[in-house]
Amino acid sequence: MPFKPLSFLRRGAGMFWRALDATRRTLLNLLFLAFLIFLLWAIFGGGIKPLGPKTALVLDLKGALVEQSTGTVRDALMANVSGDVKRTVQLRDVLTALDAAAADTSIGSVVLLLEDMDGAGMAMLNEVGLAVDRVKAAGKPVIVWGDSYDQRQYLLASHASEIYMHPMGMVNIKGFGRHRNYYRDALDKIGVTVNLMKVGTYKSFAEPFIGNGPSQASTEAESFLYNALWGTYTAEVEKNRKLPAGAVMAIIDDLPKRMEAVGGDSGKLALSARLVDGLKTRDELRAMMIARGAPDVEAKSFRQIGFGDYLARHRPTVFGDAVGVIVASGDITDGIAGPGSIGGKSTSNMIRRAREDEQIKAIVLRVDSPGGSAFGSELIRRELELTRAAGKPVVVSMGNVAASGGYWISMAADEVIADPSTITGSIGVFAILPTADKVVDKLGIHTAGVTTTWLADAYNPLRPLDPRFGQLVQSSINHIYSEFTTKAAAARKTTQAKIDAVGQGRVWTGAQAKERGLVDRLGSYRDALASAASRAKLPAGYRVAYIERDNSRVEQLLGMLGMSASQAFTLQVKLGLMPSGLPAAALADVTRELGWLAELSDGRKPYAAVTHCMCSMP
């Protein structure tokens with residue numbers, strides 16, 4: 001039989017392909033089997049080992065304290081691959097761990113490590129501080145350690161039973177306040193004109209674009225706000241540390257002399273001022289905990305359990321009557337938004353889901369937002385109004401900020417509860433319409449054309465603003481402000497005139513808002529949950545269900561394993577047009593603030609009515 005090379009090659013290629021395909025299937029099957037074994041082991045393997053007595057719960061808070069983690073599993077994976085890991089800690093997780101520790105007979109103490117806690121608002125810090133107080137009330141010491149303490153970290157640390165710091169550290173309490181950037185001259189130089197339409201004497205969001213300094217009204221309002229927050233801060237620290245009234249201010253006033261008296265040693269200064277209880281390195285802290293608690297010979301340390309491991313032991317129940325919690329955190333936009341931001345449509349959909357869920361008997365809206373779109377805010381407010389009409393109680397819990405649009409979405413509640421340090425109010429509306437007609441003149445660019453009406457191209461950023469269009473926008477802004485104050489008056493059971501008197505874009509602390517009738521009472525997130533449960537007549541031990549966007553299948557699987565997306569991927573990673581000379585932080589501020597000009601003029605609508613307070617706590 002003659003040799004046929006082509007036939008031989010075909011048979012050889014076929015055999016090779018079949019072998020390759022069999023190898024591929026075998027490897028995939030082995031990988032699937034390994035994953036299945038891992039899954040079954042995670043669910044059924046050995047159960048949870050009991051904790052030994054005198055176990056210390058170690059809360060190493062790495063990253064910013066947030067109401068809601070942002071991003072998806074894919075985002076977490078890409079962040080780890082690129083090395084750009086932005087660590088966050090959810091407030092709810094910290095509260096869950098601390099409250100569980102207070103009731104857990106195996107937990108003898110709590111150790112708070114704050115060296116890597118990047119930041120948090122005062123309202124959040126107050127929530128964690130109250131949880132620390134509950135642990136202490138259960139007879140369990142809370143020991144805090146840091147290499148240094150910034151102002152936010154120290155407010156939380158002051159709640160602890162004992163505060164320790166590295167001998168070379170410092171306590172950096174400096175007060176509140178800020179200097180904003182003003183761009184009027186810079187915008188004039190490049191030929192950009194900012195046309196502002198607003199309602200509210202104190203609505204200062206757009207001042208950086210139309211002036212070279214703050215208005216008198218803005219200075220008055222910010223001074224009133226910052227002094228109130230500073231008074232709250234110092235009083236809390238002095239109470240927690242058992243210092244005389246005015247002690248914190250006295251330390252700051254005499255700081256140069258005090259520093260000179262201790263030879264420039266900031267650690268000794270903190271100790272002499274009774275801001276800390278001792279100066280210890282981390283290994284000295286470990287030795288102290290070994291001596292006090294139960295030693296762990298194998299680990300050569302004290303008996304302890306970490307934050308993530310302890311949290312995994314306290315997974316929420318998934319069945320039964322519940323208070324549904326919807327977190328409204330971030331800027332408000334019209335449409336769909338992911339965790340860490342608020343979409344008018346997406347948040348409305350979550351409220352509707354909770355309303356239609358028979359197991360959800362009441363809703364707590366946890367607000368941490370400086371506002372944004374007036375339209376998106378109204379979509380959310382309307383869904384909450386429908387929820388109340390359907391017979392389900394709605395309670396608003398205000399976090400760090402619930403101002404402007406953040407206040408708008410809080411108006412359809414049975415009860416509004418704010419933290420004393422919440423930044424709220426800012427009842428006002430504005431629109432910004434930037435034009436660059438002077439820029440194109442300098443560049444020699446000309447625009448011309450034919451339109452059927454004056455409105456067809458009334459707002460062209462490359463042409464001067466048509467005054468008729470400006471009048472149109474101002475009328476709309478006036479109407480939206482009227483809607484805002486009318487709805488607020490109805491919600492607060494008062495008159496529009498009284499709301500206007502405390503509105504006008506002015507920002508208040510939660511305590512000041514309570515005095516002016518803008519909130520019902522001062523309290524914590526826990527108080528809001530209790531109020532919602534009581535209104536829904538739920539028994540003790542009710543379930544708390546967080547209503548969030550639908551998770552992907554991968555995220556659902558990770559949830560079954562008790563891991564979040566960030567936990568899953570950080571297992572593989574050790575967490576441990578401006579002048580080039582501008583500092584990175586300053587450049588970030590300028591970029592963010594000037595970016596508003598582009599965002600506000602970019603959209604399907606000819607203009608956007610904005611309820612945003614541009615408020616933040618330095």
Using the test side chain to side chain donor-acceptor pair (under 3.5 Å), find all partners of [X] that sit at least two apart in sequence or belong to another chain.
{"X": "R303", "result": "none"}
{"X": "E162", "result": "Y164, R292"}
{"X": "R286", "result": "none"}

Inset, instruction - Please state whether the rings of Y546 and Y525 are parallel, tilted or perpendicular, taking 30° and 60° as the class boundaries. - result: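 Tilted: the ring planes of Y546 and Y525 meet at 30° to 60°.
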Side chains of [X] and [Y]: donor-acceptor distance under 3.5 Å anywhere?
{"X": "S524", "Y": "D527", "answer": "yes"}
{"X": "Q153", "Y": "E115", "answer": "no"}
{"X": "S397", "Y": "R366", "answer": "yes"}

Legend entry - Results of ring-ring contact (aromatic ring centres under 6.0 Å, His included) for Y310 - residues two or more places apart only: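 Once residues adjacent in sequence are excluded, the partners of Y310 under the ring-ring contact (aromatic ring centres under 6.0 Å, His included) criterion are H314.
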Inset, instruction - For the residue pair E236 and N240, establish whether any side-chain heavy-atom pair is separated by less than 4.5 Å. - result: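 A side-chain contact exists here, since the closest heavy-atom pair is under 4.5 Å.
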Legend entry - L285 vs L113 side-chain heavy atoms within contact, under 4.5 Å: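 Yes, their side chains come closer than 4.5 Å.
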Inset, instruction - Would you indicate whether M170, at its atom CE, is surrounded by more than 12 heavy atoms from other residues, nucleotides or ligands within a distance under 6.0 Å? - result: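 Open: at most 12 neighbouring heavy atoms sit under 6.0 Å from CE of M170.
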Inset, instruction - Can you establish whether the number of heavy atoms outside K268 located under 6.0 Å from its atom NZ is more than 12? - result: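 Check fails, neighbour count at 12 or below.
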Examine distances only and state if a side-chain atom of [X] and a backbone atom of [Y] form a donor-acceptor pair shorter than 3.5 Å.
{"X": "T422", "Y": "D419", "answer": "yes"}
{"X": "S341", "Y": "D331", "answer": "no"}
{"X": "S329", "Y": "Q68", "answer": "no"}

With a 4.0 Å cut-off on N to O distance, would you call [X] and [Y] a salt bridge?
{"X": "R241", "Y": "D277", "answer": "yes"}
{"X": "D99", "Y": "R134", "answer": "yes"}
{"X": "E260", "Y": "K257", "answer": "no"}

Legend entry - Those residues that, when tested against E415, pass salt bridge (charged side-chain N to carboxylate O under 4.0 Å, His left out) (two or more places apart):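 R521, R535.
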Inset, instruction - Enumerate the residue pairs fulfilling salt bridge (charged side-chain N to carboxylate O under 4.0 Å, His left out) with a member in residues 136-149, sequence neighbours excluded, ordered by first and then second residue. - result: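 Found D133-K136.
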Inset, instruction - With rounding to the nearest 0.5 Å, note down the distance linking CG in L279 to CE in M168. - result: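 Separation between the atoms: 12.0 Å.
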Inset, instruction - Report the residue from I409, V416, I363, D414 that forms a side-chain contact (heavy atoms from CB on, under 4.5 Å) with V396. - result: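 Single side-chain contact (heavy atoms from CB on, under 4.5 Å) partner of V396 among I409, V416, I363, D414: V416.
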